[in-house]
**Student:** 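This is the structure I want to talk about, given as structure tokens.
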Amino acid sequence: MKKLFSLLLCLTVILTCVALPTNAAVNLDETVSPMYNYTSSVDSQLTITSKTATCKSIITGISGTTTKIEITQRLQKKNGDSWTNVQSWTKTVTTYVAVFTNTKSSLASGTYRTRTIAKVYKGTAYETIYKNSTTVTI
Amino acid sequence: MKNNILTDTLLYDALEIYNNEWVTSEEFNKEKFETSEKFNKKMQKMIKSRTNLYHKATLTGLRRAVCVIAAILTLMLSTLSVGAVRDAIKDFVFKAFSTHDSIKSNHSATKDYPKTIEKVYELGYVPEGYELLDYSADENNVSYMYFFEDKAILFMQSTKDAYSTNVDNEQSTKSIETYDNQEYMVYVWNSGDIKIIWDNGEYIFSLFGTFNKEEAIDLCKSLKIKEN
């Protein structure tokens, strides 16, 4: 009986540890907490080949809701603990899906990323979504 | 009644004391007594059980090692309760924030995967009326954007290293579904929009559009290598 009780107690402790998911993730990727009321997803990508960077931002809104997307795309280079802008581009579309691709050549050695800043509109109201790509070091 | 119980208890105690004293006294002749077959079997069973691993573990110094291992296992299982670690077991690592999921490829356990796009994929078909409005391809990403009136389809292929997306988790319902041994992460919005993300072992694919789940899964399954 004692053994059975001990075993049950152990199982309960173990199952409790597994069954209680923690949501300890901290949003370190972006600077402002986005709302995602008019946005369904944001992708940010960076490819560097032969010192030429290709920055790609893909934003999908919500059909029947999103009326406009303003994209600011920044190629950034790591400078110590901070990031400096190498080049910026902007584009506005009046659809709810946007793909924005730009290139920058003759890059110096270093670590780079694409920072996508999307202002996603529903009428005149909008939300600002930020997304950084994975980093690439050359 | 109460006196009887007390008397019985006292009697049993008295008999036990007397019996123990008698067995240890000089008057007790061991040779006069034989143990029963039933007793012998029980004794053999007891002796045998004390030699098995369970008793060795609990009754000897192995107990400490077993406790340490059990503690380590418990700690390992408790780390699996952390969202980011638990979900790395599937194809993706995702962190759930209050408004969105941040998703990256989990390729830590995979050693052999393409670092650039070596095979370009495309949808096997698109629904009637949709036209390709934007196509772009680089070493890490290929994207196709189709439009029909005000509805869009966006299909993307990415290398595992470059894949990084945020998906709204407030207004969508998320599920992980398996079809033909392929696992798909499915997000559905009330607007009728659907986003599906999957990993075929080499690349990460995503499909976004406004159709029902069955149509979306059929499109995902239609994937083929693009002919040059």
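Computed over heavy atoms, backbone and side chain alike; hydrogens, waters and symmetry mates excluded. Proteins come first, then strands; the chains are lettered A, B, ... in the order of their sequence lines, and each starts at number 1.
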**Student:** About how many Å separate SG of Cys55(A) and CG of Asp138(B), when rounded to the nearest 0.5 Å?
**Tutor:** 10.0 Å
**Student:** Most heavy-atom pairs under 4.5 angstrom with chain A, which of Val167(B), Thr210(B), Asn141(B), Asp101(B)?
**Tutor:**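 Option with the top pair count is Asn141(B).
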**Student:** Should we say atom CD of Glu131(B) is surrounded by more than 12 heavy atoms from elsewhere, each under 6.0 Å from it?
**Tutor:** no
**Student:** Nearest 0.5 Å please: distance from the CD1 atom of Ile129(A) over to the CG atom of Asn166(B).
**Tutor:**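 The CD1 atom of Ile129(A) sits 8.5 Å away from the CG atom of Asn166(B).
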**Student:** Using non-hydrogen atoms only, which part of Phe147(B) is less than 4.5 Å away from chain A: side chain, backbone, both, or neither?
**Tutor:**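 Contact with chain A: side chain only.
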**Student:** If I measure from the heavy atoms of chain B, does Thr39(A) come under 4.5 Å with its side chain, its backbone, both, or neither?
**Tutor:** backbone
**Student:** Flag yes if more than 12 heavy atoms outside Tyr126(A) fall under 6.0 Å of its OH atom; otherwise flag no.
**Tutor:** no
**Student:** Rounded to the nearest 0.5 Å, how far does CD1 of Ile204(B) lie from CG of Asp43(A)?
**Tutor:**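 One finds 11.5 Å between CG of Asp43(A) and CD1 of Ile204(B).
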**Student:** Return the CG to OH distance between Asp168(B) and Tyr38(A), rounded to the nearest 0.5 Å.
**Tutor:** 12.5 Å
**Student:** Locate the shortest heavy-atom distance separating Ser40(A) from Phe208(B); write the atom from each residue and the value.
**Tutor:** OG-CE1, 3.4 Å
**Student:** Chain B heavy atoms under 4.5 Å from Ser44(A): which part of the residue, side chain, backbone, both or neither?
**Tutor:**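 Interface part for Ser44(A): backbone (N, CA, C, O).
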**Student:** In terms of relative ring orientation, are His100(B) and Tyr36(A) parallel, tilted or perpendicular, with 30° and 60° separating the classes?
**Tutor:**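 Rings of His100(B) and Tyr36(A): parallel, as their planes differ by under 30°.
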**Student:** Check whether Ser191(B) gets within reach of chain A through its side chain, its backbone, both or neither, counting any heavy atom under 4.5 Å.
**Tutor:** both
**Student:** With a 3.5 Å cut-off and no angle check, do the side chains of Ser143(B) and Lys56(A) form a donor-acceptor pair?
**Tutor:** yes
**Student:** Which atoms of Asp150(B) come close to chain A, meaning under 4.5 Å heavy atom to heavy atom: side chain ones, backbone ones, both, or neither?
**Tutor:** backbone
**Student:** Are more than 12 heavy atoms, taken from residues, nucleotides or ligands other than Lys91(A), located less than 6.0 Å from that residue's NZ atom?
**Tutor:** yes
**Student:** Of all the heavy-atom pairs spanning Ser164(B) and Thr134(A), show the shortest one and how long it is.
**Tutor:** CB-CG2, 4.2 Å
**Student:** Check Asp193(B) against Gly61(A) and note the closest heavy-atom contact, atom names and distance.
**Tutor:** OD2-O, 4.2 Å
**Student:** Answer yes or no: are there more than 12 heavy-atom neighbours, outside Asn190(B) itself, under 6.0 Å from its atom CG?
**Tutor:** no
**Student:** Would one find more than 12 heavy atoms of other residues, nucleotides or ligands at under 6.0 Å from atom NZ of Lys226(B)?
**Tutor:**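 Yes, the 6.0 Å shell around NZ holds more than 12 heavy atoms from other groups.
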**Student:** To check you understand the geometry: which heavy-atom pair defines the closest contact between Ile62(A) and Gln171(B), and what is its length?
**Tutor:** CD1-NE2, 3.8 Å
**Student:** Can you check whether Thr47(A)'s main-chain N or O pairs, donor with acceptor, with Asn140(B)'s side chain at less than 3.5 Å?
**Tutor:** no
**Student:** Can you confirm whether Lys51(A) is buried at NZ, in the sense that more than 12 heavy atoms of other residues, nucleotides or ligands lie under 6.0 Å from that atom?
**Tutor:** no
**Student:** Specify the closest pair of heavy atoms between Met35(A) and Glu170(B), including all atoms of both residues, with the distance to one decimal.
**Tutor:** O-OE1, 3.0 Å
**Student:** So how far is it from Trp189(B) CH2 to Thr60(A) OG1, rounded to the nearest 0.5 Å?
**Tutor:**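 The OG1 atom of Thr60(A) is 6.0 Å from CH2 of Trp189(B), to the nearest 0.5 Å.
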**Student:** Taking Thr165(B) for its side chain and Val42(A) for its backbone only, find out whether a donor-acceptor pair lies under 3.5 Å.
**Tutor:**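 Between the backbone of Val42(A) and the side chain of Thr165(B) there is a qualifying donor-acceptor contact (under 3.5 Å).
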**Student:** Looking only at non-hydrogen atoms, find the nearest pair between Glu139(B) and Ile48(A) and report the distance.
**Tutor:**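 Answer, listing the atom of Glu139(B) first, then Ile48(A): OE1-O, 4.4 Å.
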**Student:** Examine whether an atom of Leu46(A) lies under 4.5 Å from a heavy atom of chain B, and if so say whether it belongs to the side chain, the backbone or both; otherwise answer neither.
**Tutor:** backbone
